[in-house]
There are 2 protein chains.
Amino acid sequence: MLNPSKNAHSLDPRQGGRELVFSTIRARERVARIDIAQETKISAATVTSITAELIAEGLVEETPRDPSAGELKRGRPRVDLKVRGASHIVAGLKFSNNKVTVAILDFVGNPIGEYERRMPTSQFDIEGLASFTKDVLETATQSCGLQISDLSGVGVGLAGIIDAPKGFVHWSPQLKNRNVDLRSLLTKTLDLPVFIDNDANLVAMAEQWFGYGRNISDFIVVTIEHGVGMGIVIDGKIYRGTRGCGAEFGHTKVQLDGALCRCGQRGCLEAYLADYALLREANIANTLDEEETSEEKLVALFREAKAGDETAKLIFQQAGSMFAMGLANIVNIFDPALIILSGERMQFEYLYEDEVIEQMRQLVVQVDMPAPEVRIHTWGDLMWARGAAAYAMEGVTKIALKRISGHAT
Amino acid sequence: MLNPSKNAHSLDPRQGGRELVFSTIRARERVARIDIAQETKISAATVTSITAELIAEGLVEETPRDPSAGELKRGRPRVDLKVRGASHIVAGLKFSNNKVTVAILDFVGNPIGEYERRMPTSQFDIEGLASFTKDVLETATQSCGLQISDLSGVGVGLAGIIDAPKGFVHWSPQLKNRNVDLRSLLTKTLDLPVFIDNDANLVAMAEQWFGYGRNISDFIVVTIEHGVGMGIVIDGKIYRGTRGCGAEFGHTKVQLDGALCRCGQRGCLEAYLADYALLREANIANTLDEEETSEEKLVALFREAKAGDETAKLIFQQAGSMFAMGLANIVNIFDPALIILSGERMQFEYLYEDEVIEQMRQLVVQVDMPAPEVRIHTWGDLMWARGAAAYAMEGVTKIALKRISGHAT
DNA sequence: TCATTTATTTCATATGTCTAATTAAATGAG
DNA sequence: CTCATTTAATTAGACATATGAAATAAATGA
C-alpha cells in the first residue's frame with residue numbers, strides 16, 4: 001500500500017496546528033471541520049477556532065457541501081471548507097536552455113495565466129538575469145490583467161547547484177557568475193518574496209502538488225531532458241543533501257571505465273541516456289543525415305528504431321538497460337513507494353517501455369512486498385514552472401500563517 | 001563544514017521542549033542551563049522549569065562544574081546538568097551468525113555489562129528465540145548483579161527485513177517463521193518494552209550515539225561482513241524506506257550482467273566484495289589450500305596479497321574498484337556529510353586503502369565543495385549490541401518523558 | 001411539533017512558553 | 001570586610017494554544 005501522509009506539501013507541523021489544518025484543507029481540496037479534526041487528531045474545538053482565524057484572514061472560505069452520495073442524511077450537515085484562491089497569487093519561472101516559462105497560480109493552485117519567451121542569451125550575468133526576470137514577469141502578469149505587485153511571491157527554477165533554503169546559487173549553466181546570492185537580488189528587484197531551487201527539485205514539487213505525488217510521503221522523480229535529473233521526496237519534504245548537490249542521478253556510475261560523459265568522467269548514466277549520448281552512438285553507426293539539428297536527428301533515430309532498424313533499436317535497448325540498472329539501484333537504496341518518470345522527451349518510448357520497467361524489477365532486491373509503482377508523466381516546461389510557483393506558494397503560505405500568530409484573536 | 005544538529009539521537013522535538021532539552025543534555029554530556037537555553041533557543045525560564053521536572057523525575061542531576069579554563073570567573077557560576085545514569089538501565093542484543101552478544105548500558109550510555117553466548121542453532125522458531133533470549137538476558141543481567149526486571153527496555157538486532165516501528169519481522173535468516181510480530185512476543189516473554197531493528201540500522205545508531213556520527217545529522221554507515229549492509233541517517237533519523245527494505249547497498253548493481261550473487265541476481269556489489277566473492281575468485285585462481293576454513297582462506301589470501309602476490313592483489317584491487325564505484329554512487333545520490341565504513345573485517349585493508357577512497361572521490365560529481373569525509377571504524381558485535389541498546393534507550397527515553405507530561409507539576 | 005442525530009461552537013481550564021523582574025552566587029575594588 | 005558588579009538561575013505575570021464538557025445549531029423522521 002502506498003503511504004499517504006497527512007502533511008503533504010512539506011508544511012512543517014511543528015509550528016502548531018495552524019499549518020496542519022491549513023495543509024489538510026489544501027490537500028483535501030474541500031473538507032468539513034469534523035473531518036479535519038479526525039484526520040489531524042486535533043480536537044474539534046481547536047479546529048473551529050483555527051478555521052475561524054483562517055476565514056477571518058481570508059485564506060479559507062466555506063462552501064456548500066457537495067451532495068456526496070452514500071452519506072448519512074441525519075443530523076446537522078457538514079460544511080465544507082476550501083482554500084480561497086483569490087487570497088494570494090504567485091508566479092513560477094522556469095529557465096531552460098532557450099526559453100523561460102512563467103506560470104501564474106492562485107492560492108488553490110489553479111492556473112490563472114502562463115507565458116513563454118525566448119531567452120536573449122544562453123548565459124546571463126546576474127544583473128541581466130534580474131532585469132530580464134522583471135521584464136518577463138511584467139509582461140506575464142499583464143497578460144492576465146495583473147501587475148507584479150499583485151503577486152505575493154515568486155518561485156524560480158534554475159539548473160545547477162543551488163542552496164535553496166538560502167536562495168544562493170553556487171553554480172548554474174545559465175549564469176556567468178558563480179556563488180551569487182540570487183534571492184537577495186531578485187527580492188530587491190521585484191520587491192517580493194522570492195524562492196529559488198534546482199529545477200529537478202521543482203519537478204518533484206510539481207508532482208507533489210499537481211501530479212502523481214499527491215499525498216505520497218516518499219517518492220522519487222526522474223527526469224530525462226538534455227541531462228538526467230532526480231528529485232527526492234522523503235517524509236513529504238524535498239531531500240537536498242548536505243552540500244545541496246545530492247540527487248545527481250545522471251552521474252551515478254553504471255559501468256566502470258564506461259562511456260565518456262560531458263562531465264569528464266566515465267560510466268555516468270547520463271553518458272548512456274542523454275540526447276548527446278544517443279546521437280554519439282548513432283553517429284558512430286552512421287545512421288544519421290549530417291544536415292539535421294540534433295533534435296531532428298534524435299527524432300529520426302527514434303523513427304528508424306520503431307521501423308525496425310536493428311542498429312537504431314540496439315542503441316535504445318542499450319540505453320534502456322542502463323536506465324533500468326540505474327533505477328533499480330535507486331529502489332535498492334531508497335525503497336520509495338513510487339517512482340515517477342517525467343519529462344518532455346518521454347516520447348522516446350524505448351526508455352519507458354514496459355520492457356525497461358520489467359528489467360528494472362528484475363534487478364531489485366526481491367522481497368515479499370510488491371516492487372514500487374512506476375508512473376510516467378509527459379510534462380513540459382510549463383509544469384516545471386508550476387512547480388516553481390508551488391514552491392513560492394509554500395513560502396507564501398508560511399508567511400501568511402505566521403502573520404496570524406502575530407495579531408492573534 | 002560538518003552539519004551538527006541540535007536534536008541528534010532522533011528524539012522528535014515537535015513533542016515540545018522537554019525532548020529538546022533532554023537530548024541536548026545527553027548530547028553535550030554535561031551542560032549548564034544557560035547553555036541549553038542558548039543552544040535550543042528556548043528561554044532560560046523554560047529551561048529552568050523543564051530541568052526542574054527532569055531532576056524531580058530523577059532523569060537528570062546537577063553536577064559540580066568542570067573548572068574549565070578560559071572562562072570568565074565573574075558572576076554566578078554555572079551549574080552543569082547531566083543525565084543520571086542510574087535512572088534507567090537498558091540491554092541490547094545482537095544476534096549474529098553463530099553467537100549472540102549482549103550489551104547493558106546505563107541511561108547515560110555507559111557500558112555496565114556485556115555477555116556473549118554461542119547460538120544453539122542457526123535458525124530458531126519464534127518461541128525458541130523468545131525463550132533463548134530470556135535465558136541469555138537472565139545470565140547477562142546476573143553477571144553484573146542485576147535481574148531482567150531491573151531493565152527499562154531491551155533492544156534487539158536481527159539481520160533481515162524488519163519493520164522497526166512495528167517491531168514486525170518480515171523475514172530473517174535467523175528465524176524459521178516469516179511475518180512474525182516479534183515485539184509483542186518478546187514484550188510478553190520479558191515483561192519489558194522491546195525494540196527491534198535491522199542490524200545495519202543498529203550500527204548506524206551505534207555510530208550516532210557512541211561513534212563518529214555524534215552530532216552529525218546526515219551520514220551513512222556501510223558495513224562489510226558476510227554481506228554488505230548500509231544504514232542511512234537523514235536529519236538525525238534512521239531512514240528506513242517505505243517497505244522497510246531500503247538501504248540494500250550490497251545489492252545495488254555495479255555491472256550489468258556481472259558476477260553472480262548469492263541473492264540469485266547478477267552484478268550486485270556484494271558479489272564482488274563479500275567473503276564468498278573473494279574466495280570464489282581465489283578458487284578459480286587456485287591460490288588456496290583446500291583444507292582451510294573459509295575464514296582461514298581469506299586471511300591467507302590477504303597475506304599473499306600483502307606479500308606481493310599479483311593474482312591475490314588483483315582480486316582485492318578489483319573488489320576495491322567496485323567498492324569505490326558503489327560508494328561514489330551513494331555520494332552522488334545522497335550527498336552525506338560523512339561516510340563511515342564499519343565492521344570487523346576492516347582488517348582487509350585493501351578495501352579501505354586510501355587508494356580506494358581516492359578512486360571514490362574521482363567518481364563523485366565535482367563541485368566547489370569538498371567531498372564528504374570518509375572514516376573507518378573497526379567494530380565488532382559488541383558495538384552492534386550497544387547500538388541495539390541505544391535504540392532501546394531512545395524508546396525508553398520517549399516513554400519516560402511522556403510520563404512527565406501526564407502528572408504535570 | 002419534537003425527539004434524535006450529527007456538526008459546530010462556547011467556555012472554563014490546563015499546558016507550555018515567553019518577558020520582565022527578582023534572587024543567588026560568585027569576583028574584585030575600596 | 002563591605003559592597004558594587006557581573007552572570008546564572010528562578011519566579012511572577014501574561015499570553016497563546018489546545019482540550020473536554022456542555023451548549024447550540026441544523027438537519028431528519030416519527
Side-chain angles (χ1 to χ4, degrees), chain A residues 12-22 24-25 30-57 60-68 70-81 401-409, chain B residues 12-22 25 30-56 60-68 70-81 401-409:
Chain A
D12 190 343
R14 101 190 46 177
Q15 289 193 26
R18 233 165 331 225
E19 265 91 352
L20 231 186
V21 169
F22 187 81
T24 303
I25 296 174
R30 25 179 48 250
V31 61
R33 290 174 180 81
I34 189 148
D35 295 319
I36 299 174
Q38 250 169 28
E39 211 183 296
T40 60
K41 315 245 160 121
I42 292 174
S43 74
T46 306
V47 171
T48 288
S49 77
I50 288 176
T51 53
E53 284 174 339
L54 296 176
I55 291 170
E57 277 295 305
V60 160
E61 60 192 352
E62 293 193 339
T63 162
R65 181 160 181 87
D66 220 5
S68 62
E71 193 172 80
L72 236 37
K73 277 299 167 203
R74 316 216 34 171
R76 177 174 177 172
R78 304 166 175 207
V79 179
D80 274 344
L81 300 171
L401 292 180
K402 196 163 286 171
R403 264 202 19 214
I404 298 182
S405 322
H407 59 77
T409 44
Chain B
D12 190 341
R14 100 190 48 176
Q15 289 194 27
R18 234 166 329 225
E19 265 90 354
L20 230 187
V21 168
F22 187 81
I25 296 173
R30 24 179 50 250
V31 61
R33 290 174 179 80
I34 188 144
D35 296 319
I36 299 175
Q38 249 169 28
E39 210 183 296
T40 61
K41 315 245 159 124
I42 292 174
S43 74
T46 306
V47 170
T48 288
S49 79
I50 289 177
T51 53
E53 283 173 340
L54 296 176
I55 291 170
V60 161
E61 60 192 352
E62 293 193 339
T63 163
R65 184 161 179 85
D66 218 6
S68 63
E71 193 173 82
L72 236 37
K73 277 300 169 203
R74 315 215 35 168
R76 177 176 177 173
R78 305 167 174 206
V79 179
D80 274 345
L81 300 172
L401 292 180
K402 194 162 287 171
R403 264 202 18 213
I404 298 182
S405 320
H407 59 78
T409 44

**Prompt:** What does B:Val79 touch in the nucleic acid at a heavy-atom separation under 4.0 angstrom: a base, only the sugar-phosphate, or nothing?
**Reply:** sugar-phosphate

Gap between atoms [atom1] and [atom2], on [X] and [N] respectively (whole Å):
X: A:Glu53; N: D:dC15; atom1: CD; atom2: C1'; answer: 14 Å
X: A:Glu62; N: C:dA7; atom1: CD; atom2: P; answer: 15 Å
X: B:Ile36; N: D:dT7; atom1: CD1; atom2: P; answer: 20 Å
X: B:Arg76; N: C:dT27; atom1: CZ; atom2: P; answer: 14 Å
X: B:Ile34; N: D:dA8; atom1: CD1; atom2: C1'; answer: 6 Å
X: B:Gln38; N: C:dC18; atom1: CD; atom2: P; answer: 14 Å
X: A:Ile42; N: D:dT17; atom1: CD1; atom2: P; answer: 12 Å
X: A:Ile404; N: D:dA18; atom1: CD1; atom2: P; answer: 12 Å

**Request:** Heavy atoms only: give me the nearest B:Val47-B:Arg33 pair and the separation to one decimal.
**Result:** CG1-O, 3.7 Å

**Fill in**
Nearest heavy-atom contact between A:Arg65 and A:Asp80 is NH1-OD1, 2.5 Å

**Fill in**
The Watson-Crick or G-U wobble partner of C:dC18, with both key distances under 3.5 Å, is D:dG13

**Prompt:** Any idea which of D:dT17, C:dT19, C:dA24 is nearest the B:Ala45 side chain?
**Reply:** C:dT19

**Item:** Candidates D:dG29, C:dT8, C:dT19 - which lies nearest the side chain of A:Arg74
**Value:** D:dG29

Counting only side-chain N and O atoms of [X], is one of them less than 4.0 Å from OP1 or OP2 of [N]?
X: B:Thr46; N: C:dT17; answer: no
X: B:Arg33; N: D:dT10; answer: yes
X: A:Arg78; N: C:dA7; answer: yes

**Message:** Working note: B:Ile25 + B:Ile36, criterion side chain to side chain contact (heavy atoms under 4.5 Å, CB included); need CA distance, chi angles, decisive distance, verdict.
**Reply:** CA-CA 7 Å; B:Ile25 296 173; B:Ile36 299 175; 3.6 Å; yes

**Asked** So how far is it from B:Glu61 CD to B:Arg30 CZ, rounded to the nearest 0.5 Å?
**Response** 9.5 Å

**Asked** Of B:Val60, B:Ile50, B:Thr51, which meets side-chain contact (heavy atoms from CB on, under 4.5 Å) against B:Phe22?
**Response** B:Val60

